[in-house]
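Because the structure is a prediction, the values reported are computed rather than measured.
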Amino acid sequence: MADKRLPDMRKTFILPGMGADAGMYPQAHFGHLPWVTFVNWPDYRGERTLEESARRVIAENGITRHDIVGGASLGGMIAAEIARLLGIDRVILIGSTAHPKTINPFLLKASRIAGLAHVDHLQWLSRKINKSGDNLFLSMFETADGRFMRAMARAMGQWGGCGCGRARFSVRHIHGANDKVIFPPPRGAVLVPDAGHLLPITHAKQVARFITRHTG
């Protein structure tokens with residue numbers, strides 16, 4: 001009988017976006033990737049920069065320089081910081097960026113000033129809108145740690161990025177062609193037509209195939 005064990009694969013750690021958790025990657029579409037760990041954000045302990053959050057994620061998950069890291073939105077930015085800190089050679093960006101120049105400038109300016117100061121009100125509004133609980137992202141956003149979101153919003157406004165010129169990692173990038181939060185890069189990314197910012201939720205099959213292609 002043929003040996004059906006998995007080949008020896010590098011571990012992969014994929015982070016969620018801000019206001020989300022590992023549920024952003026539904027088991028129905030991502031559960032067949034056993035070499036991938038879909039990470040929850042650690043409990044907030046006062047981290048004020050993306051680097052500080054990256055160090056927490058490393059410590060909580062035992063990530064090493066031999067692994068692959070990636071993430072959606074904020075998760076991809078922190079994955080890039082993890083790669084820079086550890087010398088990891090590959091980062092998976094899912095509707096994310098390694099440099100703030102592609103973040104919507106209005107949102108970036110607002111984050112510098114306010115740090116999502118009204119996040120509590122936004123969470124209250126989300127509960128009103130999502131009474132049935134059918135909206136996956138709003139369900140996660142409602143219970144996310146507001147302190148973490150405010151701190152990371154401010155941190156993004158102060159972040160200098162860690163693109164390939166400064167950090168020795170290669171990027172595998174998939175992005176929604178209609179993303180208005182983080183604009184699609186001019187080159188180097190697989191663009192998903194008619195897709196916005198929440199790719200792992202709205203286009204899960206495409207994202208799962210992309211992760212498999214670049215980590216399996």
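Separation of atoms CD1 (Ile92) and OG1 (Thr12) is listed at 7.0 Å; rounding is to 0.5 Å.
Heavy-atom minimum distance, Phe169 versus Ile88: CB-O, 3.2 Å. The two residues Ala195 and Leu199 come nearest to each other via the heavy atoms CB-CD2, 3.6 Å. In terms of heavy atoms, Leu86 sits closest to Arg65 at O-CB, 3.2 Å. Closest heavy-atom contact between Pro184 and Ala177: CG-O, 3.6 Å.
The backbone N or O of Thr64 lies less than 3.5 Å from a partner atom in the side chain of Asp67, making a donor-acceptor pair.
Partners of Ser53 according to the side-chain contact (heavy atoms from CB on, under 4.5 Å) rule, which considers only residues two or more places apart in sequence or in another chain, are Glu47, Ile78, Phe148, Met152. Remark: Ala72 pairs with Met24, Tyr25, Ile94, Pro200 by the side-chain contact (heavy atoms from CB on, under 4.5 Å) rule, at least two apart or across chains.
Thr97 and Thr102 share a side-chain donor-acceptor pair at under 3.5 Å. Side-chain contact of Trp159 with Glu81: a donor-acceptor pair under 3.5 Å is present, judged by distance alone.
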Candidate pair Ser170 and Arg172, rule side-chain hydrogen bond (donor to acceptor under 3.5 Å, both in side chains), full reasoning: CA-CA 7 Å; Ser170 62; Arg172 308 294 191 271; 2.9 Å; yes
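Legend: ring-ring contact (aromatic ring centres under 6.0 Å, His included) pairs involving residues 175-200, not counting sequence neighbours, sorted by first then second residue: His173-His175.
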